[in-house]
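We're numbering straight along the sequence, starting at 1. All figures in this text were calculated on a predicted structure; none of them were measured in a lab.
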Amino acid sequence: MKSDTFIYDCIVIGAGPGGLQAAIHLGRYNRRVLLVDRGAGRTTHAAHIVNYLGLVAISGRELIATGLEQVKEFGVEVLKDTVTRVEKDDGFTVHTTDRSFQGRYVIASAGAVDNLPRLRNLGRFFGKGFYTCVDCDGHLTTGTKLLVMGNSLNAARLALGMKQMYTDDLALLLTDFNLPPDYQEAIREDSIAVHSGEPVALLGEAGLEGVQLADGRTLPCESIMATFGWRLNDSFLAGLSLDRDHERFKILTGNSNESSLPGLYVVGAMKQGHSQAIIAAGQGAVAAIDINQKLLEL
Ligand SMILES: Cc1cc2nc3c(=O)[nH]c(=O)nc-3n(C[C@H](O)[C@H](O)[C@H](O)COP(=O)(O)OP(=O)(O)OC[C@H]3O[C@@H](n4cnc5c(N)ncnc54)[C@H](O)[C@@H]3O)c2cc1C
């Protein structure tokens, strides 16, 4: 690390609930913190968050906007930019589109993106009838005519689970996937209708009314839970060797959320485990407290 450049105590990548909570804690220790965020993250697509302690209802957009105000109160520098690469030297060098910054510690909290089929009118219904996260929005499907769609065994598991929890009026749409015999049996026993086909459009104006398939069929529904997997926003970590889960997907960390690369912490949707706003925020707090304790020992 070059000693003549300004060195941040911590550079936080991503202003989702994880990164913002970490920045709030570090700012309140009067640490030198840079928060780099490109905006429009996953949380901003949440229309109604109603499972966050102390908040009866808040939109994801409002949660993030409030968090950005909070971090500034505690002296955190916020930069709207995209991180392109993180290099490990004595500390870390974080490269953005056209600048580089030095930090002793880095918290990667850049979240993930849902894989979604190309559907006409998806923007109209995303988060308002069309959902991708059962822990977030499953409850909203209670008592509705529900269609679970996906391209893997996860879709069948989701359909069986949602039938138990939310609604009896449920069908399953599989794209490019055939159910193994034991799941065919379980789905039949639960009286879940199974369809195969390629969805091309969501139907309805004020509310969701159905899905149109490429072959012209229409499947009526009032809500959809889709599971097509997701991708991590982790391309800036490509040069670093980090331990991942058995699918080589999510990043593994210890209890304090430090990755296998000392000094690099990972919180939120990028790390192994459940992904919820309040979980990401808790992980951000833990990472920040741990980093501060390490800084105190310098
Ligand atoms: C429709 C929808 C509804 C949801 N509803 C709920 C709910 O009701 N309750 C709940 O608990 N959770 C909900 N979630 C899930 C919640 O949003 C995630 O758990 C949460 O996003 C995880 O937070 P995070 O900090 O990991 O990432 P994110 O919120 O995704 O934030 C990551 C940030 O990093 C930024 N970023 C990414 N790459 C870069 C880069 N290279 N450089 C700079 N910045 C970068 C992004 O722009 C973004 O601002 C919902 C999600 C969706 C999509």
side-chain contact (heavy atoms from CB on, under 4.5 Å) between V194 and I187, intermediate numbers included: CA-CA 8 Å; V194 182; I187 291 278; 3.4 Å; yes
Exercise: identify the closest heavy-atom pair between A288 and Y29: O-CE1, 4.3 Å
With no hydrogens and no angle check, just 3.5 Å: does a side-chain donor-acceptor pair link [X] and [Y]?
{"X": "T144", "Y": "S223", "result": "yes"}
{"X": "S100", "Y": "H95", "result": "yes"}
{"X": "T175", "Y": "N151", "result": "no"}

Same cluster or not: [X] versus [Y], using hydrophobic residues (I, L, V, M, F, W, Y) connected whenever any side-chain heavy atoms lie under 4.5 Å apart?
{"X": "L63", "Y": "L53", "result": "yes"}
{"X": "I192", "Y": "M165", "result": "yes"}
{"X": "V286", "Y": "Y105", "result": "no"}
{"X": "L242", "Y": "M270", "result": "yes"}
{"X": "V134", "Y": "L173", "result": "no"}

Aromatic ring pairing Y8/F6, orientation class (parallel under 30°, perpendicular over 60°, tilted between): perpendicular
Note: [X]-[Y] ion pair, threshold 4.0 Å (strictly below):
{"X": "R244", "Y": "D234", "result": "yes"}
{"X": "D169", "Y": "K145", "result": "yes"}
{"X": "K294", "Y": "E297", "result": "no"}
{"X": "R32", "Y": "E77", "result": "no"}
{"X": "D114", "Y": "R42", "result": "yes"}

Could you check whether atom [atom1] of [X] has more than 12 heavy atoms from other residues, nucleotides or ligands sitting under 6.0 Å from it?
{"X": "D176", "atom1": "CG", "answer": "no"}
{"X": "R124", "atom1": "CZ", "answer": "yes"}
{"X": "D182", "atom1": "CG", "answer": "yes"}
{"X": "R217", "atom1": "CZ", "answer": "yes"}
{"X": "D98", "atom1": "CG", "answer": "yes"}

Test side-chain contact (heavy atoms from CB on, under 4.5 Å) applied to L264 and L237, step by step: CA-CA 10 Å; L264 175 74; L237 298 174; 4.2 Å; yes
Evaluation steps, side-chain contact (heavy atoms from CB on, under 4.5 Å), between Q21 and Q283: CA-CA 8 Å; Q21 189 65 52; Q283 291 166 350; over 6 Å; no
Distance from [X] atom [atom1] to [Y] atom [atom2], nearest 0.5 Å?
{"X": "I7", "Y": "D90", "atom1": "CD1", "atom2": "CG", "answer": "8.5 Å"}
{"X": "L203", "Y": "T218", "atom1": "CG", "atom2": "OG1", "answer": "5.5 Å"}
{"X": "S191", "Y": "K163", "atom1": "OG", "atom2": "NZ", "answer": "5.0 Å"}

Cationic tip of K88 above F92 ring, under 6.0 Å, 45° of axis: yes
